[in-house]
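Everything numeric here is computed off the predicted structure, so don't read it as measured data. Each chain gets a letter, A, B and so on, in the order its sequence line appears, and its residues count up from 1.
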Number of protein chains: 2
Amino acid sequence: MDITIIGAGGVATSLAHALLKAGHQVVQVYSRTGESARLLADAIGCSWTTNLAELTPNSHIYIISVNDDALTQINTQLLSLPHLADSLFVHTAGSVSIDTLTTARRGVLYPMQTFTRSRIVPMAQVPLFVEANSEADTAIIERLAHSLSASVMRLSSADRQWLHVAAVFCCNFANHCSTLAAGILESHGIPFSVMLPLIDETARKLHEIHPVAAQTGPAQRGDTQVMNKHLQMLNDNPNIQNIYKMLSQSIQNSNL
Amino acid sequence: MDITIIGAGGVATSLAHALLKAGHQVVQVYSRTGESARLLADAIGCSWTTNLAELTPNSHIYIISVNDDALTQINTQLLSLPHLADSLFVHTAGSVSIDTLTTARRGVLYPMQTFTRSRIVPMAQVPLFVEANSEADTAIIERLAHSLSASVMRLSSADRQWLHVAAVFCCNFANHCSTLAAGILESHGIPFSVMLPLIDETARKLHEIHPVAAQTGPAQRGDTQVMNKHLQMLNDNPNIQNIYKMLSQSIQNSNL
């Protein structure tokens with residue numbers, strides 16, 4: 001398919017590379033800033049623009065990967081472009097309803113993964129969640145999704161929001177736990193990298209064991225002595241101390 | 001070396017298998033309950049006992065892998081056994097000082113990993129932290145550790161406590177984030193397994209990027225709209241809602 005990409009951040013970059021690899025034609029990249037548009041367009045080998053009015057009219061799908069605020073603005077601008085009135089626009093956001101787009105043809109292609117601009121994530125194992133406002137367009141987006149990943153599911157906007165909340169816990173909050181650990185270690189001269197085997201195993205065992213059964217640690221075994229010692233050690237950092245207290249309590253509640 | 005193992009839980013089980021694989025002789029397993037002592041002894045092919053007075057006198061190292069409360073009790077009992085007065089005892093706990101043991105020869109061999117009894121964890125990549133109350137015994141424990149893992153470090157009891165706090169964040173709290181996500185997903189008919197590629201990538205990228213730079217999500221990009229929507233969705237569950245609020249706030253503080 002011929003694809004236009006609107007946005008040049010982490011998701012847009014990984015998607016663009018995956019589309020290219022799957023044999024699609026990425027014909028154009030749009031971004032508000034010329035710098036980032038050019039960077040991605042050069043990597044992909046296509047043209048770029050910073051002006052939505054200059055979008056080519058003939059792509060099969062226009063993928064919009066921008067932050068949630070920019071999405072509303074871009075939608076408004078697209079409505080005023082008659083040469084794109086029949087085009088299919090899809091956004092890639094987890095928490096945004098399909099109807100945040102008000103173009104005649106609209107849909108969602110949500111890759112549930114954590115994207116960093118500097119790191120191209122292979123799309124083959126990424127679960128892709130698909131939705132559109134017509135069966136015909138759902139099928140088109142689904143066909144595109146199947147060409148990118150082995151894991152494609154249809155999901156309503158309402159359920160996708162729950163998925164996104166869950167992803168915030170599994171990814172964003174879990175990563176922040178590593179940030180807090182890194183701070184603790186580095187202030188005691190221990191490199192964060194010693195944690196990597198533990199972090200790997202914590203992820204790996206979830207492929208075999210449900211997280212409730214995989215839980216270990218002082219809170220899980222009700223070891224008040226160790227928890228109190230840890231809380232005392234964290235006395236100088238009330239923020240981390242409160243997080244320790246709240247998560248330990250929540251682990252103990254899950255045990256009941 | 002000839003090794004006696006005191007304890008038959010997750011750490012003891014994985015250690016026993018790793019010792020066997022590295023060519024050591026596990027000569028005996030002790031556990032308070034005959035059932036668990038026998039189970040591990042049978043798997044390893046050695047004798048077992050539920051009576052500390054029956055411990056064989058000639059092992060090079062006695063590894064004590066029990067919970068922190070039991071450790072103190074076992075230490076007291078060991079002091080009353082003259083046939084073990086010259087033996088080297090090491091415990092495997094992250095948060096327990098070497099001097100919780102008061103035997104003449106004492107040390108620590110802390111494998112920083114998450115252990116579940118049902119799952120034998122290969123020790124080759126597990127960081128092992130070593131300490132003893134004499135240079136000679138530190139060298140003995142260190143030699144044993146090197147035969148098990150490529151990652152061996154000497155660490156004082158004080159620094160090991162900080163390591164353990166950090167491990168609670170990276171492993172126990174990160175896993176609990178998955179538990180909370182599983183609850184959210186399962187109550188909306190979405191299987192937890194869709195999260196696995198995201199969890200894997202969250203762990204994998206930390207091999208290349210510091211957790212502060214790896215952070216993504218609504219809190220990291222200051223997306224108040226999405227955060228408020230998520231908090232509203234979690235209205236029926238004040239525990240999860242508070243955790244969402246506190247961790248999002250902490251991510252935003254780390255961004256400053």
Undergrad: Does a donor on one side chain and an acceptor on the other come within less than 3.5 Å for A/Ser250 and B/Asn239?
TA: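 Yes.
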
Undergrad: Does any heavy atom of chain B fall under 4.5 Å from the side chain of A/Val194, the backbone, both, or neither of them?
TA: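 Both parts, backbone and side chain.
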
Undergrad: Is B/Val168 in contact with chain A via its backbone, its side chain, both, or neither, using a 4.5 Å heavy-atom distance?
TA: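 Side chain only.
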
Undergrad: In terms of heavy-atom proximity below 4.5 Å to chain B, should A/Asn242 be classed as side chain, backbone, both, or neither?
TA: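 Both backbone and side chain of A/Asn242 come within 4.5 Å of chain B.
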
Undergrad: Please look at A/Ile184 and chain B and tell me whether the side chain, the backbone, both or neither of the residue comes under 4.5 angstrom of a heavy atom of that chain.
TA: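 The answer is the side chain of A/Ile184.
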
Undergrad: Where on B/Ile240 is there a heavy atom nearer than 4.5 Å to chain A: the side chain, the backbone, both, or neither?
TA: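 It is both, since atoms from each part get that close.
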
Undergrad: If you tally heavy-atom pairs under 4.5 Å against chain A, which of B/Arg119, B/Gln225, B/Gln220, B/Gln125 wins?
TA: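 Heavy-atom pairs under 4.5 Å are most numerous for B/Arg119.
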
Undergrad: Heavy-atom distances under 4.5 Å only: say whether B/Ile190 touches chain A with side chain, backbone, both or neither.
TA: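 Interface part for B/Ile190: side chain.
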
Undergrad: If I measure from the heavy atoms of chain A, does B/Thr216 come under 4.5 Å with its side chain, its backbone, both, or neither?
TA: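 Looking at B/Thr216, backbone and side chain both touch chain A.
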
Undergrad: Where does A/Ser151 contact chain B at under 4.5 Å (heavy atoms): side chain, backbone, both or neither?
TA: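 Neither part; nothing is under 4.5 Å.
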
Undergrad: What I want to check is whether the side chains of A/Ser31 and A/Ser36 have a donor and an acceptor closer together than 3.5 Å.
TA: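 Note: A/Ser31 and A/Ser36 side chains meet the donor-acceptor criterion.
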
Undergrad: Give, for atom CG of A/Leu198 and atom SG of B/Cys170, the distance between the pair rounded to the nearest 0.5 Å.
TA: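 Spacing of CG (A/Leu198) from SG (B/Cys170) equals 6.5 Å.
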
Undergrad: Between B/Val212, B/Leu180, B/Leu234, B/Asp68, which shows the greatest number of heavy-atom pairs under 4.5 Å with chain A?
TA: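 If we count pairs closer than 4.5 Å to chain A, B/Asp68 comes out on top.
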
Undergrad: Any salt bridge between B/Glu208 and B/Lys205, counting N to O under 4.0 Å?
TA: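 Answer for the salt bridge query: no.
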
Undergrad: Can you say whether A/Leu163 sits under 4.5 Å from chain B via the side chain, the backbone, both, or neither, judging by heavy atoms?
TA: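 For A/Leu163, heavy atoms of backbone and side chain both lie under 4.5 Å from chain B.
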
Undergrad: Heavy-atom distances under 4.5 Å only: say whether B/Asn175 touches chain A with side chain, backbone, both or neither.
TA: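 It is both, since atoms from each part get that close.
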
Undergrad: Run the ring-centre check on A/Phe173 versus B/Tyr244 and record whether the distance is less than 6.0 Å.
TA: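 Yes, ring centres under 6.0 Å apart.
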
Undergrad: At a heavy-atom separation under 4.5 Å, does B/Ala182 approach chain A through its side chain, its backbone, both, or neither?
TA: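 Contact with chain A involves the side chain of B/Ala182 alone.
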
Undergrad: What is the minimum heavy-atom distance between A/Gly217 and B/Asn172, and which atoms define it?
TA: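 Heavy-atom minimum between the residues: CA-OD1, 3.2 Å.
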
Undergrad: By a 4.5 Å heavy-atom criterion (distance strictly below it), what part of A/Ser248 contacts chain B: side chain, backbone, both, or neither?
TA: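 Backbone plus side chain of A/Ser248, per the 4.5 Å heavy-atom cut-off to chain B.
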
Undergrad: Mind telling me whether A/Tyr110 and A/His164 have parallel, tilted or perpendicular rings, with 30° and 60° as the class edges?
TA: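 Correct class here is perpendicular.
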
Undergrad: Please determine, by modelled atom types, if B/Thr114 and A/Thr202 share a side-chain donor-acceptor pair under 3.5 angstrom.
TA: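 Distance-only check fails for B/Thr114 and A/Thr202.
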
